[in-house]
There are 2 protein chains.
Amino acid sequence: MALTIKVNEETFTPRQQAVLTAALDLLVENGDGLTMTAVARRASCSKETLYKWFGDRDGLLTATVQWQAAKVRMPVVDRSHLNAKALRSSVEQFARDLLTVLTGEISVTLNRTAVTHAAQEKDSLGTIVLENGPLAIRRRLKPIFEAGRDARLLRFDSSEDAFRTFFGLVVRDVQIRMLLGDKTLAQTNIEADAKAATDQFFALYGADTTQ
Amino acid sequence: MALTIKVNEETFTPRQQAVLTAALDLLVENGDGLTMTAVARRASCSKETLYKWFGDRDGLLTATVQWQAAKVRMPVVDRSHLNAKALRSSVEQFARDLLTVLTGEISVTLNRTAVTHAAQEKDSLGTIVLENGPLAIRRRLKPIFEAGRDARLLRFDSSEDAFRTFFGLVVRDVQIRMLLGDKTLAQTNIEADAKAATDQFFALYGADTTQ
DNA sequence: GTAGAACCGTACCGTACGGTACGCCTCTGC
DNA sequence: GCAGAGGCGTACCGTACGGTACGGTTCTAC
């Protein structure tokens, strides 16, 4: 029996993963260059196999995005002993991770692909990207925030709003500029930006207003 | 070869603007449906005329985006008599305008088009959109911020950073979610969001920490 | 009136690409 | 060994679309 990995109820054989890797590579190299012929050639498989496995071009695209997006794994933060310092450190780590992912070539490519897809009355890819990007981070961050509130380290009414503000403070205009091809962001200092965003977040939501 | 067209100098005849309107309508209605044949039919002109006027498909796309983007005009804020109330009101107005524009159908369409374009190693449309979107707002807002700093109502080192934080607080994840086709944002309350973002901005950058 | 420019409508061409068909090879189970 | 399945490579088909050509019509200038 071939070794398979589980990706949201969907399993891909190693051979299929090689195909998806080829597809992703083509996407990254040349955004719109994902032709079935190109994937088949790159992966050394026949087009017939592609259609058999993924149905059609959209299926291949969806599988590629879903498979890759699911690979993004946020670090698990220890919630057991939460003090001000640990909380801030965790939040800052999330900010760093978020910026690192969003400015990465793969994230930019997948988001562009999903946006392009959404421009054609198809929002399935957009949903996948959202689900595995911002929303995944939100799911991880939410318990941290609420633990912080329980420990009277944070103050907010809605964890949803707190997260969205956090997202805005961290990402600012970076993502949209990356998506639009702005190259003047190359020298972005993720460390410093993450720290600044964390400071601002705590200035807004920290319970201790004197810090 | 694309023509270089300066929108600011009214170089489009009314007939040409009618063509661009048709192109924009097609873009909005059906993101990827901008075929030369469709534009020609919609605008009741011949394809030959399209190519004569705009060079090629990219030229038509560029002219459409540039022409439309340049139509976005931010309100001019009176800077002469600046007090805390007027400043806050101006900033909040900008937040409202920014959200209104970015959540609008046309902005979403143009940004999607530019992102799609950027996925094909072409960043011209992205540059145009950035230039006429965030950067245009920044140019308008920057003197307001600096006037606020001169009046000791605001405190910041870099107006660039202040603006980008303002952008993040206002836009948060709204734009990327719109671009990705998220429909759960329909009930967004622009008024309330703009006010909240303004409050947060002044909490971070206001010189009077007691307000 | 006539010449010429601008432009509309349509037909046409070439290509790229999604999708299908088929011949051949390899590998597995019996 | 043999049959069948799975899969590779290639040829092929249909269509959509970018781009061009051309005849016919309207408008303008003189």
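- For the pair B:Leu34 CG and D:dG19 C1', the computed distance is 15 Å after rounding to whole Å.
- A cation-pi contact links A:Arg88 to A:Phe202, judged by a cut-off of 6.0 Å to the six-membered ring centre and 45° from its axis.
- Distance CG (B:Asp56) to P (D:dC17): 17 Å, rounded to an integer number of Å.
- Nucleotide C:dG18 holds its P atom 13 Å from the CG atom of B:Asp32, rounded to whole Å.
- Dashed line: the shortest gap from a side-chain N or O of A:Trp53 to OP1 or OP2 of D:dG6 is not under 4.0 Å.
- Here NZ of A:Lys71 is found 7.5 Å from CG of A:Leu24. Values are rounded to the nearest 0.5 Å.
- Applying the 4.0 Å criterion to OP1 and OP2 of C:dC8, one finds that B:Arg15 has a side-chain N or O inside that range.
- The side chain of B:Tyr51 lies closest to D:dT20 when the candidates are C:dC17, C:dC8, D:dT20.
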Starting from the C-alpha separation in whole Å, work towards a yes-or-no answer on salt bridge (charged side-chain N to carboxylate O under 4.0 Å, His left out) for B:Lys195 and B:Glu191.
-> CA-CA 6 Å; B:Lys195 183 176 186 319; B:Glu191 292 290 327; over 6 Å; no

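- In this structure, the CG atom of B:Leu60 is 15 Å from the P atom of D:dC17, given to the nearest Å.
- For DNA chain D, the neighbouring residues in residues 40-49 of chain B, judged by any heavy atom under 4.0 Å, are B:Lys47, B:Glu48.
- The distance from the OG1 atom of B:Thr127 to the NZ atom of A:Lys183 is 7.0 Å, given to the nearest 0.5 Å.
- Between the CD atom of A:Gln120 and the P atom of C:dG18 there is a distance of 12 Å, given to the nearest Å.
- Taking atom NZ of B:Lys52 as the reference point, atom P of C:dC8 lies 10 Å away to the nearest angstrom.
- Below 30°, between 30° and 60°, or above 60°: for A:Phe145 and A:Phe201 the angle between ring planes is below 30°, a parallel geometry.
- Without hydrogens or angle criteria, A:Arg155 side chain to A:Leu204 main chain gives no donor-acceptor distance under 3.5 Å.
- Following rounding to the nearest Å, A:Arg57 (CZ) and C:dT20 (P) show an atom-to-atom distance of 15 Å.
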